[in-house]
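Note sheet for the following structure.
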There are 4 protein chains.
Amino acid sequence: MAEEKKESIIASALKLFAEKGYHNTKVSDIVKDAGMAQGTFYLYFKSKEDLFRCVAERCLDEIAGALAQGAQEQNAACNPAPMRSMIRRILEIYYSNLTIVNIINQHGAASPEIADISKQFYARMAGQIKDILKHSNAYPGYTEEQLDMTSYAKIGLVEMAAYQWFVERRNGPERIDELTEVLLGINMNCGLNAEGSSGL
Amino acid sequence: MAEEKKESIIASALKLFAEKGYHNTKVSDIVKDAGMAQGTFYLYFKSKEDLFRCVAERCLDEIAGALAQGAQEQNAACNPAPMRSMIRRILEIYYSNLTIVNIINQHGAASPEIADISKQFYARMAGQIKDILKHSNAYPGYTEEQLDMTSYAKIGLVEMAAYQWFVERRNGPERIDELTEVLLGINMNCGLNAEGSSGL
Amino acid sequence: MAEEKKESIIASALKLFAEKGYHNTKVSDIVKDAGMAQGTFYLYFKSKEDLFRCVAERCLDEIAGALAQGAQEQNAACNPAPMRSMIRRILEIYYSNLTIVNIINQHGAASPEIADISKQFYARMAGQIKDILKHSNAYPGYTEEQLDMTSYAKIGLVEMAAYQWFVERRNGPERIDELTEVLLGINMNCGLNAEGSSGL
Amino acid sequence: MAEEKKESIIASALKLFAEKGYHNTKVSDIVKDAGMAQGTFYLYFKSKEDLFRCVAERCLDEIAGALAQGAQEQNAACNPAPMRSMIRRILEIYYSNLTIVNIINQHGAASPEIADISKQFYARMAGQIKDILKHSNAYPGYTEEQLDMTSYAKIGLVEMAAYQWFVERRNGPERIDELTEVLLGINMNCGLNAEGSSGL
DNA sequence: GATGAATGAGAATTCATTCAT
DNA sequence: CATGAATGAATTCTCATTCAT
């Protein structure tokens with residue numbers, strides 16, 4: 001039951017942070033939403049900042065965990081289109097976590113500890129993508145650094161698309177497949193056959 | 001001299017917002033950095049929020065202006081590689097504005113007015129990219145919506161790469177060419193020739 | 001076993017009050033130290049203040065009791081040096097109670113009830129000393145009030161010395177004899193033979 | 001005027017601490033007494049504890065300063081009865097500072113920084129008394145440590161007498177001379193001519 | 001215009017006490 | 001008897017904004 005209370009605080013915080021942002025969410029809002037007294041909050045968290053750390057850690061861990069699990073299942077199955085699966089997985093997971101990921105990135109700017117958590121999260125995700133790139137041998141001759149940049153860039157691509165799709169345009173999960181195909185079809189050097197990515 | 005004071009406040013605010021985030025930057029920090037009294041601030045801005053609006057508007061206008069100008073010059077010159085030029089331009093502009101763009105996006109979550117400014121900014125950028133896509137006829141048969149997603153996704157790709165490259169890895173502008181080529185070489189459907197973006 | 005629990009609370013409280021003062025000792029600290037649940041505390045004491053009263057009363061009773069007992073033994077034995085014995089006894093008793101006596105005096109300032117307990121304690125001690133002074137006829141011609149002042153002053157003298165000796169300089173009981181002799185040798189009108197305590 | 005405000009806070013704090021103790025005095029009480037808003041308090045002090053530090057430091061410095069000044073004047077005048085003057089000076093100064101000195105000693109228990117200030121204060125006072133003892137050659141053959149104890153003991157004697165006289169018995173300053181003579185007449189080894197402070 | 005001290009509403013945090021199990 | 005999670009009133013502290021000089 002102690003865990004229940006803690007979970008209930010985290011759930012309310014997640015909801016409210018996503019709705020109003022970290023700074024516009026008062027501790028009093030959280031406990032009101034969670035249906036408990038203000039003092040109870042401090043039985044489970046040292047401070048509002050401490051709660052945020054927990055929320056961020058758990059949220060990103062969950063996402064990263066889901067991604068990693070998906071990756072394993074695929075490798076086991078000798079997945080013939082790992083990039084497509086990866087994109088679909090990221091989209092699925094982001095679907096229910098986008099605003100909170102944004103909040104975390106926001107608040108990170110002001111709190112080095114959160115910045116670290118978030119940095120590690122992206123590093124993990126980029127690592128998984130880099131693995132796919134290496135196995136597919138799609139970018140022969142690339143340095144590690146260039147593969148890093150490619151991986152991070154792909155994350156950014158999916159994140160931005162997800163934000164537009166789910167948050168701005170309020171689409172539900174039913175068209176994730178279509179979005180996946182659109183993203184998969186993206187080629188940065190579009191329609192310019194006279195010149196390739198010559199320099200690399 | 002009235003304008004000087006205002007500029008000086010904006011400059012300090014830009015610096016401090018980028019360093020510590022909006023909420024962790026106190027009005028007192030800004031005026032201290034700008035070397036003036038606290039009351040002076042309110043001669044030039046109605047409130048802290050008002051300052052933020054100014055900073056955001058100006059910053060995004062600058063970026064969008066530079067992008068638009070670049071686009072025109074290119075069209076005039078019948079640029080043979082518009083996507084490459086676009087990416088390089090975005091990278092150049094982001095190089096000196098990255099942190100503040102982040103802050104603006106962050107704060108948007110908590111302030112509808114800023115969210116609007118930021119939304120319009122991205123819409124403008126996406127519009128330009130969509131134009132390029134249409135002219136290049138790189139994505140035949142795509143719906144408008146699908147072209148939108150493609151455009152936004154490309155912005156996200158460049159933004160994330162820029163963030164990693166300039167902020168996290170502290171690179172200077174001297175390797176923008178190389179980064180441009182890497183991004184240009186990105187193909188989301190990497191190494192999977194058996195299946196194209198079939199469904200679209 | 002009920003008594004055991006109560007004693008255990010008092011013991012922990014004594015220790016913690018001495019270490020950190022009354023206000024910096026939380027009820028939660030006390031029960032943690034005593035190894036019991038927070039609620040248990042209120043089975044034995046009406047409130048934190050009530051505990052303090054008990055601690056203070058018991059502590060001062062113990063001291064006063066030891067002093068009184070010593071006094072009787074001496075009178076019975078026609079003690080030839082009652083002041084020396086008195087000082088040694090006070091030192092011995094203070095040795096194990098000094099910090100708590102301090103705490104009691106401190107807290108008294110803020111709590112009239114405790115102030116009373118402490119006042120009565122000193123009054124008892126001063127009374128005993130006054131008796132010695134009267135029997136020894138050391139201050140002929142003194143009014144009762146002047147004898148009172150003399151008695152209280154002597155208590156202060158011993159208290160301060162004890163504090164310095166035991167608390168600040170961390171001496172153990174092995175040098176109580178030496179300290180007794182030093183205190184016994186104190187003459188306020190030191191080295192000034194031309195003038196005595198003339199006016200009295 | 002900045003100084004005025006600060007002084008006014010300190011004055012109110014001194015008064016209220018003396019009346020009700022540190023913990024029973026709220027910041028809101030202090031500012032109400034000083035006639036200003038709560039926020040103003042924090043322009044001048046980092047916290048309530050910070051205020052206390054200031055009050056303690058200033059108060060003890062003032063007392064020690066007055067004592068030191070008195071000491072100098074006397075030396076210059078080849079004072080024939082330095083101990084009497086010293087006692088009278090301590091009594092005079094304590095007369096208006098007794099309760100606050102008590103408060104400081106109290107709070108010191110819980111705050112190492114205050115404990116230090118208070119310790120140094122007593123060390124300074126004891127040093128002055130030790131000088132008198134040495135010059136008067138009243139305790140020949142004493143070790144430094146024994147002289148220390150004697151000095152501290154004398155301070156305790158005066159303090160306790162002052163407390164009884166001024167605080168408990170509410171005497172005013174008009175009988176300071178009489179009290180001085182009583183204290184000066186104190187001889188710890190009262191009425192026991194058969195035995196001196198033999199062992200030293 | 002410029003100042004910067006003063007404001008006070010609003011937020012976070014503490015902790016003695018209660019009470020259902 | 002014992003527990004310890006829950007309470008919420010009380011308190012400290014923050015900071016955007018105002019205003020007299």
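So you know, we letter chains A, B, ... as the sequences are listed, proteins then strands, and number each from 1. What you are looking at is a predicted structure, and each value in this text was computed from that prediction instead of being measured. Values reported hereafter were calculated over all heavy atoms of this structure, with side chains retained and with hydrogens, waters and symmetry mates removed.
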Of the listed nucleotides [options], the one nearest the side chain of [X]:
X	options	value
C:Leu43	E:dT17, F:dT14, F:dA2	F:dA2
B:Tyr44	E:dA2, E:dA5, E:dA16	E:dA2
B:Lys26	E:dT3, F:dC15, F:dT18	F:dC15
C:Thr40	F:dA2, E:dT18, F:dA16	F:dA2
C:Lys48	E:dA16, F:dT12, F:dT17	E:dA16
B:Lys5	E:dA2, E:dA6, E:dT13	E:dA2
D:Met36	F:dA16, E:dA16, E:dT7	E:dT7

Earlier contact from the 5' end, DNA chain F, for A:Ala37 and B:Phe41: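 Final value for this comparison: A:Ala37.
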Provide, to the nearest angstrom, the distance between the [atom1] atom belonging to [X] and the [atom2] atom belonging to [N].
X	N	atom1	atom2	answer
B:Asn24	F:dC15	CG	C1'	13 Å
A:Gln38	F:dA5	CD	C1'	17 Å
C:Glu3	F:dC1	CD	P	10 Å
D:Glu49	F:dC13	CD	C1'	15 Å
C:His23	E:dA16	NE2	C1'	13 Å

Any side-chain N or O of B:Tyr42 under 4.0 Å from OP1/OP2 of F:dT17?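 For F:dT17, OP1 or OP2 has a side-chain N or O of B:Tyr42 closer than 4.0 Å.
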How close do C:Cys54 and C:Phe45 get, heavy atom to heavy atom, and via which atoms? SG-CE2, 3.8 Å
Given that both distances must come in under 3.5 Å, which nucleotide forms a Watson-Crick or G-U wobble pair with F:dT12?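 Because both required distances fall under 3.5 Å, F:dT12 counts as paired with E:dA11.
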With both distances under 3.5 Å as the test, what is the Watson-Crick or G-U wobble partner of E:dT21?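 Checking every strand shown, E:dT21 finds its partner in F:dA2, with both distances under 3.5 Å.
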Give a yes-or-no answer on whether the side chains of D:Tyr122 and C:Glu168 include a donor-acceptor pair shorter than 3.5 Å.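 Their side chains do not contain a donor-acceptor pair, so the 3.5 Å distance test is not met.
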Identify whether the distance between the nearest side-chain nitrogen and carboxylate oxygen of D:Lys26 and D:Asp33 falls below 4.0 Å. no
Take the angle between the ring planes of B:Phe17 and B:Tyr22 and call it parallel below 30°, perpendicular above 60°, tilted in between. tilted
Could you walk me through whether C:Arg124 and C:Asp61 pass the salt bridge (Lys or Arg N to Asp or Glu O under 4.0 Å) check? CA-CA 10 Å; C:Arg124 255 202 274 180; C:Asp61 271 3; 3.2 Å; yes
Along DNA chain E (nearest heavy atom to each residue), the more 5'-positioned of B:Gly35 and C:Ser28: B:Gly35
On DNA chain E, nearest-nucleotide positions of C:Thr25 versus D:Gly39: which is more 5'?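 Between the two, 5'-proximity favours D:Gly39.
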